[in-house]
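Being a predicted model, the structure only gives us computed values, none of them experimental. The sequence lines fix the lettering, A, B, ..., with proteins before strands; numbering per chain opens at 1.
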Number of protein chains: 2
Amino acid sequence: MANFYSEEPKHLLAVDCVIFGFDREQLKLLLVKRVRPPEKDQWSLMGDFLQDNENLEFAAQRILTKWTGLEHVFLEQFHNFSDINRDPGERVLSVAFYALIKIEDSDKELTKRYGAEWIDIDKIPKLIFDHAQMVEMALEIIKHKSRFEPLGFELLPEKFTIPQLQKLYEAIFQQKLDSANFRKKILSMKVLKKLNEKEKGVSKRGAFYFQFDQGKYKKLHESGLLFEI
Amino acid sequence: MANFYSEEPKHLLAVDCVIFGFDREQLKLLLVKRVRPPEKDQWSLMGDFLQDNENLEFAAQRILTKWTGLEHVFLEQFHNFSDINRDPGERVLSVAFYALIKIEDSDKELTKRYGAEWIDIDKIPKLIFDHAQMVEMALEIIKHKSRFEPLGFELLPEKFTIPQLQKLYEAIFQQKLDSANFRKKILSMKVLKKLNEKEKGVSKRGAFYFQFDQGKYKKLHESGLLFEI
DNA sequence: CCAAAAGTGTTGACCGTACACCCATGA
DNA sequence: TCATGGGTGTACGGTCAACACTTTTGG
């Protein structure tokens with residue numbers, strides 16, 4: 001490749017991931033203690049530098065796989081953090097991604113080996129650099145987005161009950177929902193497939209399992225109607 | 001500053017701006033013919049390389065000021081384009097911004113001198129690299145955002161009439177709106193201040209001018225209610 | 001006085017919210 | 001049989017889309 005722009009400055013570019021999970025009660029973040037200076041041993045998001053042979057999405061996926069073992073994860077860039085002194089080491093720009101994963105699918109061995117931990121969203125410790133700001137912004141975004149897009153299902157197992165789904169949305173929105181109305185709303189969109197199987201052990205009666213049906217969602221979406229909680 | 005990350009690769013980073021305007025009838029984009037190879041003389045968005053002494057927002061503002069003379073413009077980063085071969089010259093990542101400006105406030109001399117042109121959104125020519133994709137994504141975003149955030153006012157003069165505002169939203173959403181209901185909706189949010197002055201020359205009766213009231217909007221927002229068209 | 005655009009009023013359908021109530025089952 | 005959470009039914013109030021209607025004014 002020719003050098004068309006040899007006079008222009010080059011920059012270090014990091015990719016940082018805000019990794020969300022849900023454990024049936026609480027939203028959680030996967031965090032890790034930083035292994036290199038500056039700010040070694042402080043809590044941090046998962047990140048790495050962008051390499052020459054990959055685009056940003058690839059780098060983010062690479063990071064996710066490294067820490068969780070998962071390969072096809074919901075992942076979306078949401079903001080660049082570019083303040084000149086954001087990293088006390090050198091000037092580094094960071095492209096922040098958020099990821100939504102099913103905790104139980106992740107490789108717990110791997111997570112543990114690297115010293116990563118799932119931490120309740122309301123118990124986040126002090127984070128390095130501007131990572132707290134990244135978390136805050138990511139939270140704000142999934143709060144808004146999940147009202148109109150079926151993001152939530154990325155955080156639940158394949159099979160889930162309506163009460164489980166409700167708990168998830170209550171955790172995301174930070175508010176209680178009326179269970180009768182929640183059920184009607186979600187079922188009225190016809191994007192769930194009811195299974196002939198009940199959850200055991202949680203309640204006496206047991207709740208039916210459902211699955212999110214991508215095909216039905218596409219139909220809804222194309223018909224111009226809104227998914228909306 | 002120490003060299004903490006000397007082993008990591010560095011990258012060229014461009015900032016490209018999708019600049020929207022509205023001329024009372026149609027959404028428009030400010031486009032320019034590229035002045036350097038590769039793809040010299042082809043239509044392009046406004047862009048430049050990020051410098052060492054500025055963050056991304058500063059760079060975007062610098063670009064906007066260069067082409068329009070405007071200094072405090074609504075500007076928001078929305079996506080990074082990072083495919084390895086997106087620029088046939090060298091590997092360059094691009095951070096895309098969209099800007100909403102009041103055409104009549106812009107410096108037409110400056111715009112003309114640099115050979116930039118306002119072009120109807122439905123008559124966009126072939127653009128260099130992945131710029132068409134940037135435009136498409138920016139359009140999609142303002143379409144969604146302007147339903148719930150008062151973005152539209154950035155594209156109108158300080159004083160505007162309800163029918164003008166309606167025309168703007170019709171251009172953004174690409175659909176006709178019922179004028180009686182539109183009026184009721186926008187007035188019910190109480191974010192507009194009515195002026196004691198009528199528009200002349202457009203209709204016989206003349207429509208009252210209004211102003212967007214930032215303070216009232218903040219109140220609405222803080223009270224938890226939605227701005228929604 | 002007519003045409004045209006600004007602006008108001010009315011209606012019926014629909015939808016969200018609140019809440020009462022029934023159901024299934026383990027202990 | 002009772003407590004518990006799952007699940008259904010209903011009724012009221014507000015909101016929205018559609019459209020008829022009134023107002024203002026230049027030609």
May I have the distance from B:R183 (atom CZ) to C:dA5 (atom C1'), rounded to whole angstrom? 10 Å

Taking for B:K204 and for B:A207 the nucleotide of DNA chain C with the nearest heavy atom, the one nearer the 5' end belongs to B:K204

With a cut-off of 3.5 Å and sequence neighbours excluded, list every side-chain donor-acceptor pair involving residues 136-146 of chain B.
| from | atom 1 | to | atom 2 | distance (Å) |
| --- | --- | --- | --- | --- |
| B:H144 | ND1 | B:E140 | O | 3.1 |
| B:K145 | NZ | B:E76 | OE1 | 2.6 |
| B:S146 | OG | B:I142 | O | 2.5 |

Exceeds 12 heavy-atom contacts within 6.0 angstrom, atom CZ of A:F58: no

So does A:K198 have more than 12 non-hydrogen atoms from other groups sitting under 6.0 Å from NZ? yes

By nearest heavy atom, map A:K198 and A:K184 onto DNA chain D; which one lands nearer the 5' end? A:K198

Round to the nearest Å and state the distance from B:K200 atom NZ to C:dA5 atom C1'. 17 Å

If you look at every strand shown and take non-hydrogen atoms under 4.0 Å, does A:K185 touch a base, only sugar-phosphate, or nothing? sugar-phosphate

For DNA chain C, determine which residues of residues 162-181 of chain B have any heavy atom closer than 4.0 angstrom to one of its atoms, and list them numerically. B:P163, B:A180

Heavy atoms of other groups near A:K216 NZ, more than 12 under 6.0 Å: yes

Less than 6.0 angstrom from the centroid, inside 45 degrees of the normal: does A:K66 satisfy that with respect to the ring of A:Y114? yes

Is it true that A:K193 and A:D213 make a salt bridge, defined as a side-chain N closer than 4.0 Å to a carboxylate O? no

On DNA chain D, reading 5' to 3', which nucleotide is the first and which the last to sit with an atom under 4.0 Å from a heavy atom of chain A, could you check? D:dA3 to D:dT10

Position toward the 5' end of DNA chain C (nearest nucleotide), B:L187 or B:S203: B:S203

As a quick check of understanding, evaluate salt bridge (charged side-chain N to carboxylate O under 4.0 Å, His left out) for A:R24 and A:E199, giving each step before the final call. CA-CA 13 Å; A:R24 289 165 183 269; A:E199 185 188 35; 3.8 Å; yes

Tell whether B:R205 reaches the base of C:dA6 with its side chain through a donor-acceptor pair below 3.5 angstrom. yes

Can you check whether A:F148 and B:F148 have ring centres sitting under 6.0 Å from each other? yes

